[in-house]
There are 2 protein chains.
Amino acid sequence: MQVSPQQRRYGTATLVDVAQEAGVSLATASRVLNGSTRKVAESYRERVRAAADKLGYTVNVSAQAVASGASALIALLVADIADPYFAQVASGVARAADEAGFLVTIATTGRDPQREAALLRVLRGQLPRGVILAASRMAVPFEPVQLEVDAIHGMGGRVIALGPGAAELRSVLIDNWGGARQLGLALAGRGYRRAVVLAAPRGLITTDQRQAGFTDGFTAGGGRIERVHRAAFTREGGAEAMREALAAGIEPGTLVFALSDAVALGAVHELREEGRQLGADIAMAGFDDIPASGDLTPALTSVHIPLEEVGYQAVRAAIDPEWTPSPLALEVNLRDSTPPPDRVTVDLDAVRA
Amino acid sequence: MQVSPQQRRYGTATLVDVAQEAGVSLATASRVLNGSTRKVAESYRERVRAAADKLGYTVNVSAQAVASGASALIALLVADIADPYFAQVASGVARAADEAGFLVTIATTGRDPQREAALLRVLRGQLPRGVILAASRMAVPFEPVQLEVDAIHGMGGRVIALGPGAAELRSVLIDNWGGARQLGLALAGRGYRRAVVLAAPRGLITTDQRQAGFTDGFTAGGGRIERVHRAAFTREGGAEAMREALAAGIEPGTLVFALSDAVALGAVHELREEGRQLGADIAMAGFDDIPASGDLTPALTSVHIPLEEVGYQAVRAAIDPEWTPSPLALEVNLRDSTPPPDRVTVDLDAVRA
DNA sequence: CGCATTAGCGCTACACCAGGT
DNA sequence: CACCTGGTGTAGCGCTAATGC
């Protein structure tokens with residue numbers, strides 16, 4: 001925080017300068033330029049605005065924050081901004097924040113709860129109006145994180161969770177369970193009977209819900225979950241889980257369900273490395289429906305989440321007192337990575353059994 | 001900026017509280033907790049830290065910024081955070097900022113210079129130590145943007161440009177021209193003789209350089225640029241340009257060079273819609289080598305840019321006075337979207353001519 | 001040398017006051 | 001004269017950095 005002399009304001013006009021230039025009081029200038037509901041005569045408004053324009057004035061938001069005790073800031077916490085899932089959410093957050101005249105600060109947790117807690121503490125120092133917790137939430141809340149969340153509430157900030165509803169937190173609801181169930185039903189309906197699940201470590205609400213929903217739907221449709229392979233909830237994790245799955249043996253015509261598209265993409269990569277074919281040989285379905293999934297050949301079956309909208313709603317939830325959660329529509333997109341399984345294969349299979 | 005009474009600090013400890021709790025002066029507490037090189041006896045350090053911990057103290061960065069005239073903030077301006085190119089850069093920025101104890105604010109311009117200027121003005125209000133301009137820069141600087149850049153310099157902030165070197169700005173250099181030239185040479189070397197370029201509107205430094213470099217390399221290798229189709233520098237623009245290109249007719253064995261992978265991905269989508277095949281039928285090369293390009297089948301030939309590193313270096317350039325630009329290594333990755341063109345096709349072609 | 005004291009950063013919010021009904 | 005309307009004056013937000021002891 002060492003500051004060289006010339007770093008200390010040089011050529012940067014302050015409100016005092018503007019007021020002086022306009023020949024009005026500091027208070028009036030403040031009211032014209034930076035909010036307040038109080039009325040100011042049009043003639044004064046003009047003069048102040050002209051002066052501000054002439055001097056290239058910009059409000060010092062830090063000073064504003066110090067004086068008012070709150071800032072027009074939204075803090076966004078994601079696991080990894082390079083991940084298309086979070087990037088899309090961030091896009092919606094940026095759009096909503098911009099519309100509302102808010103600035104966005106972003107930080108990445110790398111999926112480490114310890115880091116998440118530390119970052120929350122730092123972010124709290126910005127007195128953000130809202131904090132959006134997009135990094136994966138645990139079923140059993142991590143104590144230090146919980147403490148920070150409470151502290152943010154204490155200073156008047158709002159904490160928004162994505163996905164699972166949570167007590168004490170506003171949430172943008174994502175029906176992971178329902179979407180996964182629909183997917184399971186649809187794929188069973190297409191004729192799949194055996195599935196292998198590429199899952200994440202237990203404890204993440206999102207993944208637990210997806211796994212449970214899929215299992216429910218797939219078995220309800222007459223299918224059976226043969227095995228579950230767990231690895232990190234990332235692309236690399238997907239490759240790893242798939243390696244494991246292949247080592248354990250996967251018969252042609254088996255469906256592989258990855259708990260996210262990122263995991264699925266990693267798995268597809270691995271599967272191809274091993275010389276297997278995506279589609280009729282090994283079918284694959286993901287979740288999230290990120291853009292890259294559509295570029296895959298054959299295109300990946302997935303459950304579409306309007307992620308940009310999720311981010312947008314999260315900001316609304318943070319800054320609009322009237323906001324109420326409205327369920328976001330998920331959509332199952334069956335594509336060619338899960339073709340109707342070959343009848344012959346199914347019959348042979350029955351015979352073999 | 002209206003603040004309800006309970007938004008006004010409640011339960012949030014300040015430095016005064018900590019100092020009181022620890023039984024030391026405000027100044028000492030400040031020195032212990034928030035930097036400064038001045039020495040404080042270990043016994044005092046202990047007491048202050050214990051008090052801070054007990055009260056859950058976090059420095060109010062806004063107050064810090066007001067008092068010191070600078071904040072530990074990096075502002076990042078991108079065209080579109082959902083775009084993998086920018087998402088990867090952002091990832092590197094986040095990592096570097098975190099390492100250095102900086103916070104990152106992010107804003108999206110949507111490729112609109114007008115918006116860029118407006119956002120820069122707002123961001124300036126945060127007194128960021130550095131501003132990273134990742135949104136596409138124009139060959140002819142947009143006046144209002146230039147004014148804001150000057151203002152930021154005036155207040156002691158550093159403005160970092162990505163890509164093309166620029167007078168007066170520190171830049172993380174990306175050798176678009178050289179990379180594109182290598183690509184052109186390599187593809188001519190593989191045997192391609194005719195190329196169609198899917199380009200962006202003139203005026204963007206990045207795209208102009210890539211187009212020029214490719215043209216240089218490809219013709220040097222014995223190839224010829226048949227046509228250039230211009231559309232927006234986005235995925236949708238790629239689809240549009242490809243539509244145009246297909247309408248104008250593309251012979252099998254022709255190489256299509258898209259100025260970015262995003263453009264290429266849009267083009268591939270379009271090409272498939274039209275029933276054409278990627279590879280031997282229509283070959284395609286992109287630029288950037290974003291992860292999604294590797295998931296394409298056949299995988300997309302592209303020029304790899306270490307985007308995460310670009311973001312990382314940008315932050316270093318912003319906060320490290322000693323930083324000097326070191327060229328980042330680009331790498332041409334020839335993949336199956338540009339197979340060696342069929343000899344027969346080439347011969348037939350020669351006969352036909 | 002190592003601590004405490006304090007001015008002041010830019011701004012907002014409140015208290016205040018002048019003039020017209 | 002009390003009341004509104006629309007301006008001014010200024011305390012103080014939490015912190016840093018220069019000065020004092």
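Below, read A as the first sequence line, B as the second, and so on, with proteins coming before strands; counting in each chain starts at 1.
Thr58(B) and Arg124(A) form a side-chain donor-acceptor contact under 3.5 Å, judged by distance and modelled atom types alone.
One finds a side-chain N or O of Ser25(A) lying less than 4.0 angstrom from the OP1 or OP2 phosphate oxygen of dT8(D). Remark: Asn34(B) is in phosphate contact with dT16(D), judged by side-chain N or O atoms under 4.0 Å from OP1 or OP2. Taking only side-chain nitrogens and oxygens, Ser30(B) comes nearer than 4.0 Å to OP1 or OP2 of dT16(D). Checking the phosphate oxygens (OP1, OP2) of dG14(D), no side-chain nitrogen or oxygen of Thr14(B) falls inside 4.0 Å. Dashed line: the shortest gap from a side-chain N or O of Thr28(A) to OP1 or OP2 of dT8(D) is under 4.0 Å.
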Quiz item: How far apart are the C-alpha atoms of Val159(A) and Leu133(A), what are their side-chain angles, what is the distance that settles it, and do they pass the side-chain contact (heavy atoms from CB on, under 4.5 Å) test?
Solution: CA-CA 7 Å; Val159(A) 181; Leu133(A) 251 40; 3.8 Å; yes
Exercise. Show the numbers, then the answer: is there a side-chain contact (heavy atoms from CB on, under 4.5 Å) between Arg158(A) and Val131(A)?
Key: CA-CA 6 Å; Arg158(A) 217 171 246 142; Val131(A) 178; over 6 Å; no
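In this structure, dT12(C) and dA11(D) make a Watson-Crick or G-U wobble pair, each of the two defining distances being under 3.5 angstrom.
Each of dC11(C), dG14(D), dA17(D) was ranked by its minimum atom distance to the side chain of Val66(B); first place goes to dG14(D). Taking every side-chain heavy atom of Tyr44(A) into account, dG7(D) is the closest of dC11(C), dC3(C), dG7(D). Nearest nucleotide to the Gln64(B) side chain, out of dC15(D), dA4(C), dG10(C): dC15(D). Side-chain proximity of Ala27(A) to dT5(C), dG10(C), dA13(C): nearest is dA13(C).
Distance, Tyr57(B) OH to dG14(D) C1': 8 Å, rounded to whole Å. Atom P of nucleotide dT12(C) and atom CZ of Arg31(A) are separated by 11 Å, given to the nearest angstrom. The CE-C1' distance, from Met155(B) to dC9(C), rounds to 14 Å in whole Å. Distance Leu26(A) CG to dT10(D) P: 12 Å, rounded to the nearest Å. Spacing between atom CG of Asn60(A) and atom C1' of dG8(C) amounts to 14 Å, rounded to whole angstrom units. Rounding to whole angstrom units, CZ of residue Arg47(B) and C1' of dG2(C) are separated by 13 Å. Taking atom CZ on Arg45(B) and atom C1' on dG2(C), their separation rounds to 12 Å, with Å as the unit. In this structure, CD of Gln126(A) is placed 15 Å from C1' of dG14(D), rounded to the nearest angstrom.
Residues Ser62(A) and Ser43(B) both approach DNA chain C. Their nearest nucleotides, taken by heavy-atom distance, put Ser43(B) toward the 5′ side. Residue order along DNA chain D, read from the 5' end via each residue's closest nucleotide, puts Ala41(A) first among Val59(B) and Ala41(A).
A donor-acceptor pair is defined here as one N or O able to donate and one able to accept, closer than 3.5 Å; such a pair exists between the side chain of Ser71(B) and the backbone of Leu127(B). Arg49(A) places no side-chain N or O within 3.5 Å of a backbone atom of Leu33(A) that could act as its donor or acceptor partner.
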